[in-house]
Each structure stands twice: as C-alpha cells, then as structure tokens.
There are 2 protein chains.
Amino acid sequence: MTEDGRLLRGERTRTAVLDRALPLATTAGLDGLSLGQLADTLGISKSGLFAHWRSKEALQLAVIDHARQQWTDEVIRPGMAAPRGVRRLWAVHDRRLSFYESVRLPGGCFFANANFEYNARPGVIRDRLAAELTDWMTFLTRLATDAIDVGDLRPGTDAAGLAYETESLGVCAVMQAPVLGPVTFRHARHALHEHLRVLATDPTILTELT
Amino acid sequence: MTEDGRLLRGERTRTAVLDRALPLATTAGLDGLSLGQLADTLGISKSGLFAHWRSKEALQLAVIDHARQQWTDEVIRPGMAAPRGVRRLWAVHDRRLSFYESVRLPGGCFFANANFEYNARPGVIRDRLAAELTDWMTFLTRLATDAIDVGDLRPGTDAAGLAYETESLGVCAVMQAPVLGPVTFRHARHALHEHLRVLATDPTILTELT
DNA sequence: TTTATTTACGAACGGTCGGTCGTTTTGTAG
DNA sequence: CTACAAAACGACCGACCGTTCGTAAATAAA
C-alpha cells in the first residue's frame, strides 16, 4: 500500500486482501467468510476481488496458503532454531502454545477451525486441508524420530504416538483456552513435559526446559 | 409419528425435528444449519418450525440440549457402569472413542465442532456451549479425583491435568480420524493407558484394561 | 503520446437465508 | 357435536449471498 494507505495493484493488493481475510476466516469460518464484508473493511468493491481470484473457492485456497506461510514463518522456523533432538521437539510445542497464549490471533488456530469446519464436507478445500494436516503430522513425527535418533529418547519409542500426543495437547489448549482460561496452556506444557521425562534416556535434559 | 410415517403434533414432532437437526448441525455447523433444508427433509413447511421455536436461535439451543441428552444416554451412562476408580475413568474414555470409531455420527463430535465454531462469536449460544464444556471438564476431573481417592492413582496426582489430557486425546482422535484414519483412536487409547500406568499405584490394574 | 492490459468500479442478477402473516387443518376438551 | 387452541401451511418480505457484466480509471509497454 502507498504511504497514504491506499492499495496498489497487483501482488501487493493480493497479500493485503489475504492479510485481512485470514483473521476473518479464522473467526467466521472459511465458509462463513463474506466477500462483501471483506471488501468493505478493505475499502474496495466486492467485484474488485474477482479481478484477482476467479471465485470464492479460489480465494479460500489462497487463504489456506497464506495461513500456512504465516504459520511457517512465525512458529515453525523459530522453533527449528533450537538444537536437534528433544529440545527442538519441545521448542516447536512451546512456540505454538506461546503464539496463541499471547492472543496473536483472535478465534484461535485457523487450521484447527478449518479442519473441523470441513471434516464432513467433501471437495477441493477439504482435500487441501487434509494434505496440510498430513504434512504437519509428518513433520512432528520427524521431530520425534530425530529425538530418538540422537539418543534423547529411548530406542523403541513410538514416534507417531508421541507426535499425536503433542498435536492433541497443543490443539486442545488453543481450543479450550477461551472457555477454561490460560490454565489449558499450563496443562499442555506440563503433560508433554511429564511424558517426555518418562521417555527420556537422561531425564536431566528435560529439567533445563521451561 | 403415526404408523404410516407422518408426524403427529406436539412433543413428538419436536423430538423428530431435533433428531433430524442434530446430524445436520454436526456436519453443516450449528450456524450453517438451514431451516429450509431441515423442513424439506422432514417433509414439513419452514414456517411450521416457527410454531415450535420462536427463532432459529431457540431451535439451536434446543439442538444443544438434545445433543447433551443423547451424549449422556449413549456414552456417559454406560461408562459409569464400570467400577469406581481408574476403571471408570478408562471406561468413559474408551466409550467415547468406541462411539465415534464405529462411525455413529457423520461429521464427528457435535460439541467439539460447535465449540470451534463459536469460539470467537459472543452470544447466548457461545455461553451455553461454554457451560457445557465446563460441566464436562468438571465431570472428568471428578472421575480423576475419585481414582485418586480410592487409591488407584498416586496421591498428589494432578486430577485437572489428567482430565485435560483425557479430553485432548479424545477430541483430537475424533477430529483427525477422517484424515489420518483409525490409527488416531489407537494413539488416543495407548497414550492415556501409558500415562495412567505411570500414575498408578499398582500398574497391574491397567494391564487388565483393554 | 499512443496503445494494450490490468485493475477497479457500480449496478444488477438469481438464489438462499431467517422470519412474518393470514388462513386452514387438526386434535382435543367440554 | 361444538368450540377452542395448537399446529401446519403457502405466500411473501427484506437482507445478504456469490457472481457477472459493461465500463472507467490506472499502469505499463510501444
């Protein structure tokens, strides 16, 4: 956008629209996202959106890409800065919780909301969301496997199971926090910490983590 | 309804409507529930619904009550038949997983979906859903506390934390099963089983459970 | 400066939404 | 049988939805 706030054309307009669409889709739902409302809050006309995306569905898919990009930049990449092994697994878990604990996004996690919304609605969007979830679980499993490989966790540890538990604790903390309060984040941290302590070859590794 | 399938008036009509509305609201969302579509599939007129509920919101609240009733009858009550202590906590966890594992309800768990849908939408419905979630967590915590009181779990065990982990594992298994497959149910059972074994005063109690 | 293309606009479309109204049907109580 | 109230109906309302279209403005290329 220009210095006076007006939108420029082309790519910059597109990212500006997606920046605005993501929080709207997070709170109102990816399907409940209203193109009219989106255009109004951007100060552009509804029909102008169709110059950039051929349909609402195309825009929704772009929102998903945008959300993944943001998630990668703000959560995964910083978490990956931690040393390999169980420290990195913990860093990703902790970053995710911190991200939502500091109320960065109203409406909770976009991907969790969208997955729930489209669980029973076949179509292109559901397939895309399913692929994102599969990728994410593969990533978590790889973190767990690495923690086993470097010797932080006992050989024979169920990497996929550990990834599943990490994901469950994280998602539910974000989901239930608006109702049950920030205690859910403490529970999510404590539960995984306890479990890792049981699985660790040297429990003292865990004591130095938050 | 009469022997030829037509609806009678009064209470029986109301429960017939709710029986039909609950799966629709589970798949399309409590807000995405369409009164026109609901009336069509029931073979009645849309305006006829307003003879029983003054507004869509009133019907949505009735759907929540109906879902809770069904949940109590089909999941909680059978689970409570188990002996006190850790066996009962496990029975409730297991019943919940079995309920959805056998594909009883398309669209997953109504309450989980609705909670996600209304997390960022203040209003009467959100308040009601929040109350339901609070009640449910209180119930789970009570089960955990009881398991401690009867001596199944170590004194000093974090009952609220255990309840939180139970809920997280159960919800996410149902949520992710459509994408990741039934392996999520195995993970949810295995993870809680492992955790309970760590917390148990006598681990042999756990071996006799599934 | 002229030309071509992208970008944005306002108006309008068909469709669905929740909701209202007057009327008719239906069950039940007297 | 009569009278009354609950229940169901069809027609209709205004609002909003995603989408299209013809056109005008803005940019980039010539």
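Protein chains get the first letters and strands the later ones, always in sequence-line order, with residue 1 at the start of each.
Counting atom types as modelled, B/S47 pairs no side-chain N or O with a base atom of C/dG19 as donor and acceptor under 3.5 Å.
Closest to the side chain of B/S45, out of D/dG18, C/dG19, D/dC9, is D/dC9. For A/K56, taking side-chain heavy atoms from C-beta onward, the closest of the listed nucleotides C/dC17, D/dA8, D/dT19 is D/dT19. When each of D/dC9, D/dA8, C/dC9 is scored by its nearest atom to the side-chain atoms of A/I44, the top-ranked nucleotide is C/dC9.
When the P atom of D/dT20 is taken as reference, atom CG of A/L35 falls 12 Å away, rounded to whole Å. Atom CZ of A/R54 and atom C1' of D/dG18 are 16 Å apart (whole Å). To the nearest angstrom, C1' of D/dG18 lies 14 Å from CG of A/D40. Between the CG atom of B/D31 and the P atom of C/dT16 there is a distance of 18 Å, rounded to whole Å. Protein atom NE2 of A/H52 is 14 Å distant from nucleotide atom C1' of C/dT5, rounded to whole Å. Taking atom CG of residue A/L38 and atom P of nucleotide D/dT19, one finds them 13 Å apart after rounding to whole Å. Between A/F50 atom CZ and D/dT23 atom C1' the separation is 18 Å, expressed in whole Å. Taking atom CD1 of A/I125 as the reference point, atom P of D/dG18 lies 12 Å away to the nearest angstrom.
Side-chain contact check for A/R189 and A/S98: at least one donor-acceptor pair (N or O, by modelled atom type) lies under 3.5 Å. A donor and an acceptor atom, one from each side chain of B/E165 and B/H195, are located under 3.5 Å apart.
Here B/R14 reaches the OP1 or OP2 of D/dA7: one of its side-chain N or O atoms lies under 4.0 Å away.
Going from atom CZ of A/R186 over to atom OH of B/Y164 covers 12.0 Å, rounded to the nearest 0.5 Å.
Between B/K46 and B/D40 there is no salt bridge, since no side-chain nitrogen of the basic residue lies less than 4.0 Å from a carboxylate oxygen of the acidic one. Using a cutoff of 4.0 Å between basic side-chain nitrogens and carboxylate oxygens, B/D135 and B/R68 are scored as salt-bridged. The pair B/E57-B/R128 does not count as a salt bridge, with every side-chain nitrogen at least 4.0 angstrom from each carboxylate oxygen. Using a cut-off of 4.0 Å between Lys/Arg side-chain N and Asp/Glu carboxylate O, B/E167 and B/R96 are scored as salt-bridged.
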Between N or O atoms, less than 3.5 Å apart, protein on one side and nucleotides 12-15 of chain C on the other: list the pairs.
none

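Looking at heavy-atom distances under 4.0 Å, A/L49 makes no contact with the nucleic acid at all. Note on B/G32: nothing from the nucleic acid sits closer than 4.0 angstrom, heavy atoms only.
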